[in-house]
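A note on names: the letters A, B, ... follow the listed sequences, proteins ahead of strands, and every chain is numbered from 1. Computed from a predicted model, the values in this text were never measured in an experiment.
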Protein chains: 2
Amino acid sequence: MTNAVQSYHHGDLRSALLDAAAKRLAEHGVDSLSLRKLAEDAGVSRTAPYHHFKDKSALLSAIAAKGFSDWHSTAKRIFDQDHISAENRFREFVHEYIGYAATNPEMYELMFGRTLWQNNAATDDLKDVAFPCFQFQVTMTRYWQSKGLLPDNQDALRLAQVTWGTLHGIARLLIDGIYADSSHIDEMCDCAADLFMRTAKA
Amino acid sequence: MTNAVQSYHHGDLRSALLDAAAKRLAEHGVDSLSLRKLAEDAGVSRTAPYHHFKDKSALLSAIAAKGFSDWHSTAKRIFDQDHISAENRFREFVHEYIGYAATNPEMYELMFGRTLWQNNAATDDLKDVAFPCFQFQVTMTRYWQSKGLLPDNQDALRLAQVTWGTLHGIARLLIDGIYADSSHIDEMCDCAADLFMRTAKA
DNA sequence: AGGCTATGTTGACACTGTCAAGATAAAAAG
DNA sequence: CTTTTTATCTTGACAGTGTCAACATAGCCT
(Lines give C-alpha, C1' and ligand atoms only; values in the text may rest on other atoms or scores of the structure.)
Protein backbone atom coordinates (compact mmCIF):
# COMPACT_ATOMS: atom_id res chain seq x y z
CA MET A 1 0.00 0.00 0.00
CA THR A 2 2.65 2.45 1.02
CA ASN A 3 4.86 1.55 -1.88
CA ALA A 4 2.10 1.18 -4.38
CA VAL A 5 3.03 2.64 -7.71
CA GLN A 6 1.99 6.25 -7.89
CA SER A 7 -0.51 6.60 -10.64
CA TYR A 8 -1.93 9.82 -11.99
CA HIS A 9 -5.11 9.23 -10.04
CA HIS A 10 -4.60 8.63 -6.38
CA GLY A 11 -7.53 6.30 -5.89
CA ASP A 12 -8.66 7.34 -2.46
CA LEU A 13 -7.33 10.81 -1.94
CA ARG A 14 -10.20 11.96 0.20
CA SER A 15 -9.54 9.36 2.88
CA ALA A 16 -5.81 9.85 2.61
CA LEU A 17 -6.22 13.56 3.21
CA LEU A 18 -8.47 13.02 6.20
CA ASP A 19 -6.06 10.53 7.71
CA ALA A 20 -3.10 12.81 7.21
CA ALA A 21 -5.09 15.70 8.62
CA ALA A 22 -6.15 13.79 11.71
CA LYS A 23 -2.54 12.85 12.34
CA ARG A 24 -1.18 16.34 11.85
CA LEU A 25 -4.03 17.72 13.94
CA ALA A 26 -3.23 15.53 16.91
CA GLU A 27 0.47 16.20 16.62
CA HIS A 28 0.73 19.87 15.78
CA GLY A 29 -2.67 21.44 16.22
CA VAL A 30 -5.21 23.13 13.99
CA ASP A 31 -3.25 26.28 13.46
CA SER A 32 -0.29 24.64 11.80
CA LEU A 33 -2.43 22.51 9.55
CA SER A 34 -2.08 23.53 5.93
CA LEU A 35 -3.70 22.06 2.88
CA ARG A 36 -0.39 22.16 1.07
CA LYS A 37 1.32 20.00 3.66
CA LEU A 38 -1.57 17.55 3.60
CA ALA A 39 -1.30 17.36 -0.17
CA GLU A 40 2.39 16.67 0.18
CA ASP A 41 1.69 13.97 2.77
CA ALA A 42 -0.62 12.30 0.30
CA GLY A 43 1.96 12.63 -2.47
CA VAL A 44 -0.22 14.87 -4.54
CA SER A 45 -0.07 18.42 -5.83
CA ARG A 46 -1.14 21.53 -3.89
CA THR A 47 -4.54 21.98 -5.44
CA ALA A 48 -5.62 18.38 -5.69
CA PRO A 49 -7.51 18.57 -2.36
CA TYR A 50 -9.89 21.08 -3.91
CA HIS A 51 -11.46 18.31 -5.94
CA HIS A 52 -12.57 16.65 -2.72
CA PHE A 53 -13.22 19.58 -0.40
CA LYS A 54 -14.68 22.94 -1.28
CA ASP A 55 -12.10 24.69 0.86
CA LYS A 56 -10.07 24.29 4.02
CA SER A 57 -13.11 24.70 6.27
CA ALA A 58 -14.84 21.84 4.51
CA LEU A 59 -11.92 19.54 5.23
CA LEU A 60 -11.75 20.63 8.88
CA SER A 61 -15.50 20.18 9.13
CA ALA A 62 -15.17 16.63 7.92
CA ILE A 63 -12.60 15.85 10.61
CA ALA A 64 -14.65 17.52 13.32
CA ALA A 65 -17.70 15.56 12.19
CA LYS A 66 -15.91 12.33 12.97
CA GLY A 67 -14.96 13.71 16.38
CA PHE A 68 -18.57 14.53 17.17
CA SER A 69 -19.74 11.18 16.02
CA ASP A 70 -17.15 9.45 18.23
CA TRP A 71 -17.94 11.58 21.25
CA HIS A 72 -21.68 11.15 20.84
CA SER A 73 -21.18 7.41 20.96
CA THR A 74 -19.10 7.66 24.09
CA ALA A 75 -21.67 9.87 25.77
CA LYS A 76 -24.48 7.49 24.91
CA ARG A 77 -22.49 4.52 26.14
CA ILE A 78 -21.97 6.16 29.50
CA PHE A 79 -25.54 7.35 29.76
CA ASP A 80 -27.05 3.98 28.89
CA GLN A 81 -25.35 1.93 31.59
CA ASP A 82 -28.46 0.67 33.37
CA HIS A 83 -26.59 -1.16 36.10
CA ILE A 84 -24.93 2.01 37.39
CA SER A 85 -26.68 4.61 39.49
CA ALA A 86 -27.66 7.88 37.85
CA GLU A 87 -25.34 9.79 40.13
CA ASN A 88 -22.34 7.67 39.29
CA ARG A 89 -23.12 7.91 35.60
CA PHE A 90 -23.23 11.66 35.98
CA ARG A 91 -19.85 11.66 37.70
CA GLU A 92 -18.44 9.35 35.05
CA PHE A 93 -19.76 11.63 32.35
CA VAL A 94 -18.05 14.64 33.88
CA HIS A 95 -14.73 12.82 34.12
CA GLU A 96 -15.02 11.42 30.62
CA TYR A 97 -15.87 14.77 29.14
CA ILE A 98 -12.88 16.52 30.64
CA GLY A 99 -10.79 13.44 29.99
CA TYR A 100 -11.69 13.45 26.32
CA ALA A 101 -10.79 17.12 26.04
CA ALA A 102 -7.50 16.61 27.86
CA THR A 103 -6.58 13.55 25.84
CA ASN A 104 -7.49 15.03 22.46
CA PRO A 105 -6.95 18.72 23.01
CA GLU A 106 -6.54 19.62 19.37
CA MET A 107 -9.59 17.67 18.30
CA TYR A 108 -11.59 19.26 21.08
CA GLU A 109 -10.38 22.67 20.02
CA LEU A 110 -11.45 21.96 16.47
CA MET A 111 -14.85 20.61 17.49
CA PHE A 112 -15.77 23.34 19.93
CA GLY A 113 -13.49 26.16 18.89
CA ARG A 114 -14.13 29.29 16.96
CA THR A 115 -12.33 28.10 13.84
CA LEU A 116 -15.39 26.34 12.53
CA TRP A 117 -18.30 27.91 14.36
CA GLN A 118 -17.46 31.49 13.72
CA ASN A 119 -18.51 33.05 10.43
CA ASN A 120 -20.53 29.99 9.50
CA ALA A 121 -17.46 28.07 8.45
CA ALA A 122 -19.07 24.82 9.54
CA THR A 123 -20.46 22.65 6.77
CA ASP A 124 -24.07 21.53 6.81
CA ASP A 125 -22.76 18.00 7.11
CA LEU A 126 -20.97 18.98 10.29
CA LYS A 127 -24.03 20.65 11.72
CA ASP A 128 -26.05 17.51 11.07
CA VAL A 129 -23.70 15.57 13.33
CA ALA A 130 -22.98 18.26 15.89
CA PHE A 131 -26.48 19.49 16.69
CA PRO A 132 -27.80 16.10 17.84
CA CYS A 133 -24.69 15.92 19.98
CA PHE A 134 -25.55 19.26 21.54
CA GLN A 135 -29.15 18.14 21.93
CA PHE A 136 -28.08 15.04 23.78
CA GLN A 137 -26.67 17.28 26.47
CA VAL A 138 -30.18 18.65 27.03
CA THR A 139 -31.69 15.19 27.03
CA MET A 140 -29.26 14.04 29.69
CA THR A 141 -29.88 17.16 31.73
CA ARG A 142 -33.62 16.50 31.69
CA TYR A 143 -32.98 12.97 32.86
CA TRP A 144 -30.74 14.06 35.70
CA GLN A 145 -33.35 16.57 36.73
CA SER A 146 -35.95 13.84 36.84
CA LYS A 147 -33.62 11.77 39.00
CA GLY A 148 -33.24 14.63 41.44
CA LEU A 149 -29.55 15.15 40.73
CA LEU A 150 -30.03 18.57 39.24
CA PRO A 151 -32.57 21.18 40.40
CA ASP A 152 -35.99 20.61 38.93
CA ASN A 153 -37.07 24.23 39.03
CA GLN A 154 -34.73 25.30 36.23
CA ASP A 155 -35.42 25.23 32.53
CA ALA A 156 -33.66 22.18 31.09
CA LEU A 157 -32.12 24.11 28.22
CA ARG A 158 -30.68 26.81 30.48
CA LEU A 159 -29.40 24.23 32.91
CA ALA A 160 -27.85 22.25 30.10
CA GLN A 161 -26.13 25.36 28.83
CA VAL A 162 -24.76 26.08 32.30
CA THR A 163 -23.61 22.56 33.14
CA TRP A 164 -22.18 22.05 29.70
CA GLY A 165 -20.68 25.51 29.90
CA THR A 166 -18.92 24.48 33.07
CA LEU A 167 -17.40 21.40 31.50
CA HIS A 168 -16.54 23.36 28.38
CA GLY A 169 -14.95 26.13 30.41
CA ILE A 170 -12.85 23.78 32.51
CA ALA A 171 -11.80 21.96 29.37
CA ARG A 172 -10.72 25.20 27.73
CA LEU A 173 -8.86 26.43 30.76
CA LEU A 174 -6.98 23.15 30.81
CA ILE A 175 -6.33 22.99 27.09
CA ASP A 176 -5.24 26.58 26.78
CA GLY A 177 -3.15 26.29 29.93
CA ILE A 178 -4.87 29.13 31.75
CA TYR A 179 -4.49 28.84 35.45
CA ALA A 180 -5.40 25.19 35.47
CA ASP A 181 -3.02 22.31 35.69
CA SER A 182 -3.70 18.93 34.12
CA SER A 183 -2.42 17.22 37.26
CA HIS A 184 -5.58 18.26 39.10
CA ILE A 185 -8.12 17.16 36.55
CA ASP A 186 -9.87 14.62 38.72
CA GLU A 187 -10.14 16.97 41.67
CA MET A 188 -11.64 19.64 39.46
CA CYS A 189 -14.15 17.18 38.04
CA ASP A 190 -15.18 16.02 41.49
CA CYS A 191 -15.51 19.59 42.64
CA ALA A 192 -17.75 20.43 39.70
CA ALA A 193 -19.89 17.33 40.16
CA ASP A 194 -20.24 18.02 43.88
CA LEU A 195 -21.25 21.58 43.20
CA PHE A 196 -23.93 20.57 40.74
CA MET A 197 -25.45 17.78 42.72
CA ARG A 198 -25.09 19.32 46.15
CA THR A 199 -28.29 18.76 48.13
CA ALA A 200 -30.25 18.56 44.92
CA LYS A 201 -32.37 15.79 46.35
CA ALA A 202 -33.69 18.02 49.13
CA MET B 1 -3.36 65.62 14.32
CA THR B 2 -4.75 63.64 11.47
CA ASN B 3 -3.30 65.96 8.89
CA ALA B 4 -0.05 66.57 10.71
CA VAL B 5 2.90 66.65 8.39
CA GLN B 6 4.36 63.19 8.04
CA SER B 7 7.93 63.26 9.23
CA TYR B 8 10.40 60.45 8.95
CA HIS B 9 9.98 59.60 12.60
CA HIS B 10 6.40 59.02 13.59
CA GLY B 11 6.71 60.32 17.10
CA ASP B 12 4.47 57.90 18.94
CA LEU B 13 4.21 54.87 16.74
CA ARG B 14 3.83 52.45 19.60
CA SER B 15 0.62 54.06 20.81
CA ALA B 16 -0.64 54.55 17.30
CA LEU B 17 -0.15 50.85 16.59
CA LEU B 18 -1.92 49.84 19.78
CA ASP B 19 -4.83 52.13 19.03
CA ALA B 20 -5.17 50.87 15.50
CA ALA B 21 -4.89 47.32 16.74
CA ALA B 22 -7.58 47.79 19.39
CA LYS B 23 -9.89 49.24 16.77
CA ARG B 24 -9.27 46.51 14.21
CA LEU B 25 -9.56 43.89 16.95
CA ALA B 26 -13.00 45.08 18.01
CA GLU B 27 -14.19 45.38 14.44
CA HIS B 28 -12.77 42.36 12.69
CA GLY B 29 -11.33 40.02 15.28
CA VAL B 30 -7.91 38.68 16.15
CA ASP B 31 -7.62 36.40 13.19
CA SER B 32 -7.78 39.12 10.59
CA LEU B 33 -5.36 41.35 12.42
CA SER B 34 -2.14 41.71 10.52
CA LEU B 35 0.92 43.73 11.37
CA ARG B 36 1.11 45.00 7.84
CA LYS B 37 -2.38 46.47 7.96
CA LEU B 38 -1.63 48.11 11.31
CA ALA B 39 1.50 49.61 9.84
CA GLU B 40 -0.54 50.96 6.98
CA ASP B 41 -3.11 52.37 9.39
CA ALA B 42 -0.31 54.24 11.13
CA GLY B 43 1.06 55.43 7.81
CA VAL B 44 4.31 53.61 8.23
CA SER B 45 6.16 50.84 6.44
CA ARG B 46 5.61 47.11 6.98
CA THR B 47 8.52 46.44 9.28
CA ALA B 48 8.42 49.58 11.38
CA PRO B 49 6.38 47.87 14.11
CA TYR B 50 9.30 45.56 14.79
CA HIS B 51 11.15 48.44 16.41
CA HIS B 52 8.44 48.60 19.07
CA PHE B 53 7.34 45.00 19.43
CA LYS B 54 9.47 41.89 19.27
CA ASP B 55 6.87 40.14 17.13
CA LYS B 56 3.14 39.89 16.59
CA SER B 57 2.58 38.08 19.88
CA ALA B 58 4.23 40.92 21.75
CA LEU B 59 1.84 43.42 20.23
CA LEU B 60 -1.16 41.23 20.97
CA SER B 61 0.11 40.72 24.49
CA ALA B 62 0.24 44.47 25.00
CA ILE B 63 -3.37 44.84 23.93
CA ALA B 64 -4.50 41.94 26.09
CA ALA B 65 -2.64 43.45 29.03
CA LYS B 66 -4.79 46.54 28.83
CA GLY B 67 -7.88 44.35 28.69
CA PHE B 68 -6.85 42.52 31.85
CA SER B 69 -6.07 45.74 33.62
CA ASP B 70 -9.49 47.14 32.71
CA TRP B 71 -11.34 44.00 33.70
CA HIS B 72 -9.47 43.69 36.97
CA SER B 73 -10.61 47.23 37.85
CA THR B 74 -14.19 46.39 37.02
CA ALA B 75 -14.08 43.23 39.09
CA LYS B 76 -12.64 45.07 42.06
CA ARG B 77 -15.21 47.82 41.74
CA ILE B 78 -18.02 45.30 41.89
CA PHE B 79 -16.46 43.35 44.70
CA ASP B 80 -15.78 46.39 46.87
CA GLN B 81 -19.33 47.71 47.00
CA ASP B 82 -19.82 47.57 50.76
CA HIS B 83 -23.40 48.75 50.68
CA ILE B 84 -24.56 45.81 48.59
CA SER B 85 -25.09 42.33 49.96
CA ALA B 86 -22.52 39.68 49.15
CA GLU B 87 -25.10 37.68 47.28
CA ASN B 88 -26.11 40.57 45.07
CA ARG B 89 -22.50 41.40 44.39
CA PHE B 90 -21.97 37.81 43.36
CA ARG B 91 -24.92 38.00 41.00
CA GLU B 92 -23.71 41.29 39.63
CA PHE B 93 -20.27 39.82 39.08
CA VAL B 94 -21.70 36.94 37.10
CA HIS B 95 -23.73 39.24 34.90
CA GLU B 96 -20.85 41.64 34.42
CA TYR B 97 -18.44 38.86 33.51
CA ILE B 98 -20.66 37.44 30.82
CA GLY B 99 -21.66 40.94 29.80
CA TYR B 100 -18.06 41.96 29.33
CA ALA B 101 -17.40 38.90 27.21
CA ALA B 102 -20.52 39.46 25.12
CA THR B 103 -19.82 43.15 24.64
CA ASN B 104 -16.14 42.74 23.80
CA PRO B 105 -16.03 39.29 22.29
CA GLU B 106 -12.82 39.78 20.36
CA MET B 107 -11.00 41.26 23.31
CA TYR B 108 -12.23 38.41 25.48
CA GLU B 109 -11.08 35.92 22.91
CA LEU B 110 -7.66 37.53 22.87
CA MET B 111 -7.39 37.67 26.65
CA PHE B 112 -8.54 34.15 27.38
CA GLY B 113 -7.99 32.43 24.08
CA ARG B 114 -5.33 30.06 22.91
CA THR B 115 -3.64 32.59 20.66
CA LEU B 116 -1.57 33.98 23.48
CA TRP B 117 -1.57 31.28 26.14
CA GLN B 118 -0.60 28.42 23.96
CA ASN B 119 3.07 27.83 23.24
CA ASN B 120 4.10 30.50 25.71
CA ALA B 121 3.28 33.29 23.30
CA ALA B 122 2.31 35.53 26.19
CA THR B 123 4.86 38.15 27.19
CA ASP B 124 6.13 38.38 30.74
CA ASP B 125 4.53 41.80 30.89
CA LEU B 126 1.19 40.23 30.09
CA LYS B 127 1.63 37.53 32.69
CA ASP B 128 2.38 40.19 35.29
CA VAL B 129 -1.04 41.72 34.67
CA ALA B 130 -3.01 38.56 34.00
CA PHE B 131 -1.94 36.40 36.94
CA PRO B 132 -3.12 38.85 39.62
CA CYS B 133 -6.38 38.96 37.70
CA PHE B 134 -6.63 35.19 37.87
CA GLN B 135 -5.69 35.29 41.54
CA PHE B 136 -8.45 37.74 42.27
CA GLN B 137 -10.93 35.11 41.22
CA VAL B 138 -9.61 32.90 44.01
CA THR B 139 -9.71 35.73 46.50
CA MET B 140 -13.33 36.42 45.68
CA THR B 141 -14.17 32.74 45.88
CA ARG B 142 -12.69 32.53 49.35
CA TYR B 143 -14.76 35.51 50.40
CA TRP B 144 -17.97 34.06 49.05
CA GLN B 145 -17.20 30.83 50.83
CA SER B 146 -16.79 32.73 54.07
CA LYS B 147 -20.13 34.42 53.47
CA GLY B 148 -21.80 31.05 53.01
CA LEU B 149 -22.65 31.63 49.37
CA LEU B 150 -20.38 28.89 48.11
CA PRO B 151 -19.75 25.58 49.85
CA ASP B 152 -17.10 25.82 52.53
CA ASN B 153 -15.93 22.23 52.30
CA GLN B 154 -14.26 22.71 48.92
CA ASP B 155 -10.74 23.86 48.27
CA ALA B 156 -10.90 27.52 47.25
CA LEU B 157 -8.62 27.07 44.27
CA ARG B 158 -10.63 24.17 42.87
CA LEU B 159 -13.86 25.99 43.48
CA ALA B 160 -12.51 29.09 41.81
CA GLN B 161 -11.44 27.04 38.82
CA VAL B 162 -14.90 25.52 38.57
CA THR B 163 -16.90 28.71 39.04
CA TRP B 164 -14.61 30.64 36.77
CA GLY B 165 -14.68 27.73 34.37
CA THR B 166 -18.46 28.01 34.26
CA LEU B 167 -18.40 31.70 33.42
CA HIS B 168 -15.60 31.12 30.94
CA GLY B 169 -17.46 28.26 29.31
CA ILE B 170 -20.71 30.17 28.99
CA ALA B 171 -18.81 33.12 27.60
CA ARG B 172 -17.13 30.94 25.00
CA LEU B 173 -20.32 29.19 24.01
CA LEU B 174 -21.87 32.60 23.47
CA ILE B 175 -18.93 34.14 21.67
CA ASP B 176 -18.33 31.19 19.41
CA GLY B 177 -22.02 30.85 18.76
CA ILE B 178 -22.27 27.26 19.92
CA TYR B 179 -25.77 26.37 20.95
CA ALA B 180 -26.18 29.51 23.01
CA ASP B 181 -28.04 32.60 21.97
CA SER B 182 -27.11 36.07 23.16
CA SER B 183 -30.78 36.86 23.70
CA HIS B 184 -30.84 34.59 26.75
CA ILE B 185 -27.73 35.89 28.47
CA ASP B 186 -29.45 37.10 31.60
CA GLU B 187 -31.41 33.91 32.04
CA MET B 188 -28.23 31.87 31.73
CA CYS B 189 -26.45 34.06 34.26
CA ASP B 190 -29.28 33.73 36.73
CA CYS B 191 -29.36 30.01 36.21
CA ALA B 192 -25.64 29.75 36.89
CA ALA B 193 -25.82 31.96 39.98
CA ASP B 194 -28.77 30.00 41.32
CA LEU B 195 -26.96 26.75 40.78
CA PHE B 196 -23.87 27.90 42.62
CA MET B 197 -25.58 29.46 45.59
CA ARG B 198 -28.39 26.99 45.92
CA THR B 199 -28.95 26.13 49.57
CA ALA B 200 -25.36 26.97 50.32
CA LYS B 201 -26.41 28.69 53.50
CA ALA B 202 -27.81 25.48 54.93
C1' DA C 1 30.95 68.93 14.77
C1' DG C 2 30.94 64.10 15.21
C1' DG C 3 29.24 59.79 16.51
C1' DC C 4 25.77 56.80 18.82
C1' DT C 5 21.34 55.06 18.86
C1' DA C 6 16.49 54.93 18.09
C1' DT C 7 13.62 54.65 14.51
C1' DG C 8 11.97 54.01 9.75
C1' DT C 9 12.78 52.13 4.87
C1' DT C 10 13.10 48.75 0.93
C1' DG C 11 14.16 44.07 -0.50
C1' DA C 12 13.71 39.40 0.12
C1' DC C 13 12.13 34.74 1.66
C1' DA C 14 9.18 31.16 2.89
C1' DC C 15 4.88 30.29 3.85
C1' DT C 16 -0.37 30.33 3.29
C1' DG C 17 -5.33 29.60 0.67
C1' DT C 18 -7.33 29.70 -3.62
C1' DC C 19 -8.49 30.52 -8.60
C1' DA C 20 -7.81 29.55 -13.75
C1' DA C 21 -6.42 26.74 -17.44
C1' DG C 22 -4.64 22.72 -19.19
C1' DA C 23 -3.42 17.38 -18.88
C1' DT C 24 -4.76 12.73 -18.00
C1' DA C 25 -7.31 8.69 -17.18
C1' DA C 26 -11.41 6.37 -16.12
C1' DA C 27 -16.22 5.75 -16.97
C1' DA C 28 -20.22 6.29 -19.93
C1' DA C 29 -22.30 6.54 -24.37
C1' DG C 30 -22.55 5.58 -29.03
C1' DC D 1 -14.45 -0.80 -29.89
C1' DT D 2 -14.39 3.97 -30.44
C1' DT D 3 -15.85 8.42 -28.90
C1' DT D 4 -17.27 11.61 -25.61
C1' DT D 5 -18.05 13.07 -21.20
C1' DT D 6 -16.65 13.53 -16.53
C1' DA D 7 -13.69 13.09 -12.46
C1' DT D 8 -9.41 13.87 -11.06
C1' DC D 9 -4.82 15.81 -10.92
C1' DT D 10 -1.29 19.21 -12.67
C1' DT D 11 1.34 23.64 -13.17
C1' DG D 12 1.07 28.67 -13.03
C1' DA D 13 -0.31 32.56 -10.80
C1' DC D 14 -1.91 36.00 -7.28
C1' DA D 15 -2.57 38.26 -3.04
C1' DG D 16 -1.72 37.92 1.47
C1' DT D 17 1.04 36.78 5.80
C1' DG D 18 5.26 37.19 9.53
C1' DT D 19 9.87 38.14 9.76
C1' DC D 20 14.92 38.77 8.78
C1' DA D 21 18.87 41.55 6.71
C1' DA D 22 20.76 45.60 5.06
C1' DC D 23 20.44 50.35 4.56
C1' DA D 24 18.66 55.43 5.54
C1' DT D 25 17.48 59.11 8.46
C1' DA D 26 17.26 62.06 12.29
C1' DG D 27 17.42 63.26 16.95
C1' DC D 28 20.43 63.20 21.18
C1' DC D 29 24.83 63.28 23.74
C1' DT D 30 29.40 64.26 24.10
Side-chain angles (χ1 to χ4, degrees), chain A residues 4-21 24-25 27-64 106 110 113-116 118-123, chain B residues 4-21 24-25 27-64 106 110 113-116 118-123:
Chain A
V5 177
Q6 193 79 335
S7 65
Y8 189 88
H9 286 80
H10 181 285
D12 199 5
L13 182 54
R14 190 188 154 92
S15 306
L17 287 171
L18 287 178
D19 287 352
R24 282 202 116 98
L25 176 69
E27 286 172 0
H28 303 100
V30 205
D31 295 333
S32 64
L33 205 169
S34 83
L35 285 182
R36 291 168 106 108
K37 280 180 194 157
L38 294 182
E40 196 174 7
D41 285 355
V44 103
S45 83
R46 303 148 265 153
T47 59
Y50 285 88
H51 291 272
H52 299 271
F53 301 96
K54 180 183 156 288
D55 54 19
K56 192 179 181 181
S57 291
L59 189 147
L60 294 178
S61 288
I63 302 174
E106 301 298 344
L110 180 62
R114 61 169 13 210
T115 314
L116 288 176
Q118 222 191 14
N119 303 339
N120 268 40
T123 309
Chain B
V5 177
Q6 193 80 335
S7 66
Y8 189 88
H9 284 82
H10 181 284
D12 199 5
L13 182 55
R14 192 189 153 93
S15 307
L17 287 171
L18 287 177
D19 287 351
R24 282 203 117 95
L25 175 70
E27 287 172 359
H28 304 98
V30 207
D31 295 332
S32 65
L33 205 169
S34 84
L35 285 183
R36 291 168 107 109
K37 282 180 195 159
L38 294 183
E40 197 174 6
D41 285 354
V44 103
S45 81
R46 301 148 267 154
T47 59
Y50 285 88
H51 290 273
H52 299 271
F53 301 96
K54 182 181 156 287
D55 54 18
K56 191 179 182 181
S57 290
L59 189 146
L60 294 179
S61 289
I63 303 176
E106 300 298 343
L110 180 61
R114 60 170 13 209
T115 314
L116 287 176
Q118 221 191 16
N119 302 338
N120 268 39
T123 310

Figure out the [atom1]/[atom2] separation between [X] and [N], and round it to whole Å.
| X | N | atom1 | atom2 | answer |
| --- | --- | --- | --- | --- |
| B:Tyr50 | C:dC13 | OH | P | 17 Å |
| A:Arg14 | D:dA7 | CZ | P | 15 Å |
| A:Asp55 | C:dG17 | CG | C1' | 9 Å |
| A:Leu33 | C:dG17 | CG | C1' | 13 Å |

**Fill in**
Sequence neighbours excluded, the answer for side-chain hydrogen bond (donor to acceptor under 3.5 Å, both in side chains) partners of A:Ser15 is A:Asp12
**Residues that B:Asp19 engages under salt bridge (charged side-chain N to carboxylate O under 4.0 Å, His left out), provided they are two or more places apart** = none
**Prompt:** Quick one: which of D:dT19, D:dC9, C:dG8 gets closest to the side chain of B:His52?
**Reply:** C:dG8
**Shortest side-chain distance from A:Ala48, nucleotide among C:dG8, D:dC9, D:dG18** = D:dC9
**Message:** Does anything in residues 47-56 of chain A form a salt bridge (Lys or Arg N to Asp or Glu O under 4.0 Å)? List the pairs, not counting sequence neighbours.
**Reply:** none
**Prompt:** Under 4.0 angstrom, heavy atoms only, what part of the nucleic acid is A:Leu38 near: base, sugar-phosphate, or nothing?
**Reply:** nothing
**Prompt:** When you measure from the side chain of A:Thr115 to the backbone N and O of A:Leu110, does any donor-acceptor pair fall under 3.5 Å?
**Reply:** no
**Prompt:** How do A:His51 and B:His51 order along DNA chain C: which one's closest nucleotide is nearer the 5' end?
**Reply:** B:His51
Solution key, residues 34-46 of chain B side-chain donor-acceptor pairs under 3.5 Å, sequence neighbours excluded:
{"residue": "B:Ser34", "atom": "OG", "partner": "B:Lys37", "partner atom": "N", "Å": "3.0"}
{"residue": "B:Asp41", "atom": "OD1", "partner": "B:Arg24", "partner atom": "NH1", "Å": "2.8"}
{"residue": "B:Asp41", "atom": "OD2", "partner": "B:Arg24", "partner atom": "NH1", "Å": "2.5"}

Check: protein-nucleotides 12-16 of chain D nitrogen or oxygen pairs below 3.5 Å:
{"residue": "D:dG12", "atom": "N7", "partner": "A:Arg46", "partner atom": "NH1", "Å": "3.2"}

**Asked** Got a sec, which residues hit side-chain contact (heavy atoms from CB on, under 4.5 Å) with B:Asn119, two or more places apart in sequence or on another chain?
**Response** none
